[in-house]
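Numbers restart at 1 for each chain; the letters A, B, ... are given by sequence-line order, proteins then strands. Excluded from the calculations below are hydrogen atoms, water molecules and symmetry mates; all remaining heavy atoms, backbone and side chain alike, are included.
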There are 2 protein chains.
Amino acid sequence: MPKRVDHRERRALIADALMRVAAEQGLEAVSLRHVAAAAGVSAGMVQHYFRTRDEMMTFALAVVRERNEARVTRAIRALGATPAPRALLRTMLAELLPLDEERRADGRVALAFLAYTAVRPAVAAALHDETAALLGFIAQLIRAGTVEGVDPEQAAVGLLAVMEGLGIYLLGGHYPPETALAALDTQLDLLFGPEPSPAGRGR
Amino acid sequence: MPKRVDHRERRALIADALMRVAAEQGLEAVSLRHVAAAAGVSAGMVQHYFRTRDEMMTFALAVVRERNEARVTRAIRALGATPAPRALLRTMLAELLPLDEERRADGRVALAFLAYTAVRPAVAAALHDETAALLGFIAQLIRAGTVEGVDPEQAAVGLLAVMEGLGIYLLGGHYPPETALAALDTQLDLLFGPEPSPAGRGR
DNA sequence: CCGTTTGCATTGCAGTTGCAACGTAAACGC
DNA sequence: GCGTTTACGTTGCAACTGCAATGCAAACGG
């Protein structure tokens with residue numbers, strides 16, 4: 001094979017540029033030439049690595065998901081071994097919220113893709129498994145948290161929905177990050193019982 | 001004035017066609033000619049009533065919001081006078097969920113607009129007031145529901161987020177409507193205390 | 001009856017889109 | 001050395017986009 005080039009690296013480079021364009025101007029501004037310009041390469045090169053636009057989009061969507069997964073696993077690993085279920089949940093969910101500019105940019109792209117896949121059911125299927133896995137994980141944590149009187153599965157659905165909704169409203173700028181975090185904690189209080197207020201979060 | 005025509009009616013007709021296009025193929029497929037075709041009129045007519053595409057979009061966004069508001073007030077009015085806070089909340093939130101095909105279509109459009117406005121902060125400002133008003137209303141209901149130990153404002157934020165998140169996942173087809181409704185009820189149980197199970201929702 | 005205003009259709013235009021086609025240069029097997 | 005394969009860059013094209021401009025008919029005021 002001639003001219004050995006790291007195929008994945010190039011694709012990642014292009015997908016990165018795509019993400020930047022999408023975050024700043026929306027998915028509809030994502031075109032071959034536009035992405036190429038943002039990546040500082042020729043349009044032909046983009047076309048070389050992604051034969052169609054749809055292929056490029058699908059790849060970018062996968063990147064978004066991988067980024068989120070990496071973020072979560074990293075945050076969880078930082079908690080050390082055997083953390084309390086509630087702390088683990090809170091860390092995980094807070095990590096998924098668009099609280100800083102980096103995550104806001106990713107969130108905008110994710111939101112755009114959400115609308116994108118809503119019209120392309122075939123692409124959306126990939127997201128189902130992820131949601132299902134996430135729900136199972138959350139339900140398991142709730143179960144381990146010795147919460148009584150609540151169906152863990154349903155509570156997991158609610159909790160994940162809270163996170164998603166908070167993310168949406170944060171992206172829209174409807175309220176500041178602190179409000180979202182406070183609401184998340186209130187939600188966890190409802191589930192696990194009120195915290196003994198360990199000086200960490202008053203008011 | 002010659003040739004009297006109901007201006008608002010025409011605009012509504014066009015906006016309706018726009019909604020159909022957006023629900024089926026996404027906002028990016030919304031073009032002057034496309035919408036005109038869907039409305040069964042000429043492209044020139046669309047241009048006559050909306051001088052720019054952005055004007056058309058803004059109008060359509062307003063229509064979506066008005067539809068939701070109308071839906072909610074209608075559902076609430078059907079509850080009769082002085083309904084219990086919890087029942088009122090549940091009715092209102094359930095009405096906003098994309099549970100049937102009609103609301104799913106509207107939801108897809110709303111989701112598309114969400115992503116649309118995420119990149120156009122100027123347009124998003126109109127949504128803030130609506131969210132704030134809704135939050136105030138929900139908080140007031142929670143207060144009236146004699147829920148102790150929870151900050152009504154934060155609980156309202158959480159509750160609205162649950163609704164939004166459930167809507168997103170419903171649109172994505174991640175779970176069936178019953179799951180979303182069950183999660184909503186679980187959430188209300190957490191807030192108001194478990195229902196005395198009035199034969200309505202067991203399982 | 002005539003001018004003006006309104007409602008709408010058609011056409012034109014510059015810009016952008018995805019994508020195919022073609023070109024070339026480099027690296028490898030032989 | 002040569003042919004083949006990979007990695008691009010360039011060009012071309014048909015389709016589409018928003019929008020301005022133009023045309024025309026109908027309805028009204030005068």
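In this structure, the CZ atom of B/R11 is 16 Å from the C1' atom of C/dC8, given to the nearest Å. For the pair A/D6 CG and D/dA7 P, the computed distance is 11 Å after rounding to whole Å. A/L32 has its CG atom 19 Å from the P atom of D/dC13, to the nearest Å.
Using a 4.0 Å heavy-atom cutoff across all strands shown, A/V30 reaches sugar-phosphate atoms only and no base atom.
Nearest heavy atoms, A/G158 versus B/A183: N-CB, 4.1 Å. When all heavy atoms of B/A38 and B/V21 are compared, the pair lying nearest together is CB-CG2, 3.6 Å.
Taking side-chain N and O atoms only, A/S31 has no distance below 4.0 Å to OP1 or OP2 of C/dT16.
Side-chain contact between A/R65 and A/E69: absent, with no pair of heavy atoms (C-beta onward) separated by less than 4.5 Å.
Closest to the side chain of A/R10, out of D/dC8, C/dG18, D/dT17, is D/dC8. Here the side chain of A/R33 is nearest to one of C/dG12, C/dG18, D/dA7, namely C/dG18.
Residues from residues 41-63 of chain B lying near DNA chain C, meaning a heavy-atom separation below 4.0 Å, are B/S42, B/G44, B/M45, B/H48, B/Y49 in numerical order.
The pair B/E95-B/R90 does not count as a salt bridge, with every side-chain nitrogen at least 4.0 angstrom from each carboxylate oxygen. Looking at A/E66 and A/R71, no side-chain N of the basic residue comes within less than 4.0 Å of a carboxylate O on the acidic one, giving no salt bridge.
Taking the six-membered ring where the residue is Trp, A/Y169 and A/H174 present perpendicular rings, their angle passing 60° and hence far from 30°.
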*Report the C-alpha distance between B/Q187 and A/Q187 in whole Å, list the side-chain angles of each, state the deciding distance to 0.1 Å, and finish with yes or no for side-chain contact (heavy atoms from CB on, under 4.5 Å).*
CA-CA 9 Å; B/Q187 178 70 19; A/Q187 178 70 18; 2.9 Å; yes
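With a 3.5 Å limit on both pairing distances and Watson-Crick or G-U wobble geometry required, the stems of 3 or more pairs in DNA chain D span C:1-30 with D:1-30.
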